[in-house]
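Notes to accompany the following structure.
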Protein chains: 2
Amino acid sequence: MPNYARQIDTVFHALGDPTRRAVVGRLSSGPAAVSELAKGFAMALPSFTQHLGVLEKCGLVRSEKSGRVRTYYLVPQPLKAAENWMVEQRKLWERRLDQLDNYLLSIKE
Amino acid sequence: MPNYARQIDTVFHALGDPTRRAVVGRLSSGPAAVSELAKGFAMALPSFTQHLGVLEKCGLVRSEKSGRVRTYYLVPQPLKAAENWMVEQRKLWERRLDQLDNYLLSIKE
DNA sequence: TGTATAGTTAGGTATATGCCTAACTATGCG
DNA sequence: CGCATAGTTAGGCATATACCTAACTATACA
């Protein structure tokens, strides 16, 4: 399997969890610190930071630590790559339906 | 968590596996039977059908059995829903960057 | 220097996942 | 009928995941 495909795997896997999808949603509107992100999740902090680790490992986010505050921010490229994969599938599917339509039209004559 | 969000979870989870993503890719260009789909995967059939089960459970595919052949086909709606989620995130992110650009421009004056 | 705050590390548990083999059922067909 | 084919069911195993608590380190700040 090529590398970009492996990245897409890990991205989809990361997004397949409600906590992590919510974090991505939050980061879409701007960077935030760990404790700020953790607010609103009924989860122990170590569990939460594990999710952040998953997101960072797959490249969807990055973080920088300044003092004792670690700030996370979104990296759009992996999200875009996954989106592209989906768009590609849809194109194929739509083309197929067009073909089917044409076929159905042709036998109607 | 609303229901549509739970569906998106399971869809992303399903797509986070290379075998299953390949199956979706295959089905994008038309329906196929189990054994046809299983070709090219170095995996025992029960393991493979388990993947099909995951895809079917999250709504990405459906199947019908005629005689002893079960044929799978793609259901585009869940894929589209997941795609929409991503597009939405990207929009937010892009708007944020626009805001940032405007801000940077404004302080430049 | 002492205390609060932000996050990390270590270690544990329950459940889910991805795979397997063996054995089964159901259909097609000569 | 008898045999091949298509898929299903049962059960097992190793690893990964998602959570936890307790204890730690590092920074801020009075």
Side-chain angles (χ1 to χ4, degrees), chain A residues 1 5-27 30-74 78, chain B residues 1 5-27 30-74 78:
Chain A
M1 188 168 39
R6 201 181 317 273
Q7 186 199 36
I8 294 186
D9 277 350
T10 60
V11 167
F12 278 124
H13 170 254
L15 295 177
D17 176 279
T19 300
R20 293 192 291 259
R21 266 221 332 291
V23 168
V24 170
R26 168 63 189 77
L27 292 180
V34 172
S35 49
E36 194 179 345
L37 289 170
K39 269 177 206 163
F41 292 98
M43 190 182 293
L45 194 59
S47 311
F48 185 74
T49 57
Q50 202 172 334
H51 285 299
L52 294 178
V54 171
L55 288 171
E56 189 155 24
K57 203 172 169 191
C58 79
L60 272 170
V61 307
R62 279 192 209 134
S63 69
E64 247 140 79
K65 197 168 185 176
S66 147
R68 60 188 167 166
V69 174
R70 181 177 292 278
T71 300
Y72 277 88
Y73 55 95
L74 201 67
Chain B
M1 189 168 38
R6 202 182 315 274
Q7 186 199 35
I8 294 186
D9 277 349
T10 60
V11 167
F12 277 124
H13 171 255
L15 295 176
D17 177 279
T19 301
R20 292 193 290 257
R21 268 221 330 293
V23 168
V24 170
R26 168 64 188 79
L27 292 180
V34 171
S35 48
E36 195 179 342
L37 290 170
K39 269 177 206 163
F41 294 98
M43 191 183 294
L45 194 58
S47 310
F48 184 74
T49 55
Q50 202 171 335
H51 285 299
L52 294 178
V54 171
L55 288 171
E56 189 155 24
K57 203 171 168 191
C58 78
L60 271 170
V61 307
R62 279 193 209 134
S63 69
E64 247 139 80
K65 198 166 183 176
S66 146
R68 57 189 170 168
V69 175
R70 180 177 293 277
T71 300
Y72 277 87
Y73 56 95
L74 200 66

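Chain letters run A, B, ... following the sequence lines, proteins first, then strands; residues in each count from 1.
- What separates CD of A/Glu56 from P of C/dG7 is a distance of 13 Å, to the nearest Å.
- If you measure from atom NZ of B/Lys39 to atom P of D/dT5, you get 13 Å, rounded to the nearest angstrom.
- Residue B/Glu64 comes nearest to B/Tyr73 through the heavy atom pair OE2-OH, 3.2 Å, listed as atom of the first residue, atom of the second, then distance.
- B/Gln50 has its CD atom 13 Å from the P atom of C/dA16, to the nearest Å.
- Look at CZ on A/Phe48: it is 12 Å from C1' on C/dG7, rounded to the nearest Å.
- Minimum heavy-atom separation, B/Ala22 to B/Phe41: CB-CZ, 3.7 Å.
- Taking only side-chain nitrogens and oxygens, A/His13 never comes nearer than 4.0 Å to OP1 or OP2 of C/dT17.
- Nucleotide C/dG7 holds its C1' atom 13 Å from the CG atom of A/Leu37, rounded to whole Å.
- OP1 or OP2 of C/dA4 has not a single side-chain nitrogen or oxygen of A/Arg68 nearer than 4.0 Å.
- Protein atom CZ of A/Phe12 is 18 Å distant from nucleotide atom P of C/dT17, rounded to whole Å.
- Residue B/Ala33 has its side chain nearest to D/dG7 when only C/dG7, C/dA22, D/dG7 are considered.
- Looking at the side chain of B/Met43, the nearest of the listed nucleotides C/dC20, D/dC19, D/dC20 is C/dC20.
- Here C/dC19 presents its C1' atom at 15 Å from CG of B/Leu52, a figure rounded to the nearest Å.
- We find that CG of A/Leu45 is positioned 17 Å from P of D/dA23, with the value rounded to whole Å.
- Side-chain atoms of A/Arg70 do not come within 3.5 Å of backbone N or O of A/Val34 as any donor-acceptor pair.
- Distances shown here put a side-chain N or O of B/His51 below 4.0 Å from the OP1 or OP2 atom of C/dC19.
- Looking at the side chain of A/Asp17, the nearest of the listed nucleotides C/dT8, C/dC20, D/dC19 is D/dC19.
- Contacts of A/Ser47 with the nucleic acid, taken as non-hydrogen atoms under 4.0 Å apart, include base atoms.
- A close approach under 4.0 Å does occur between a side-chain nitrogen or oxygen of A/Ser35 and OP1 or OP2 of C/dG7.
- Ranked by how close their nearest DNA chain D nucleotide is to the 5' end, A/Val54 and B/Tyr72 are led by B/Tyr72.
- The two atoms that bring A/Arg21 and A/Leu15 nearest to each other are CG-O, 3.0 Å, heavy atoms only.
- Side chain of A/Val69, nearest nucleotide from C/dG18, C/dG28, C/dA6: C/dA6.
- In the set C/dG7, D/dC19, C/dT21, C/dG7 carries the atom at the smallest distance from any side-chain atom of A/Lys65.
- When all heavy atoms of B/Leu52 and B/Val23 are compared, the pair lying nearest together is CD2-CG1, 3.9 Å.
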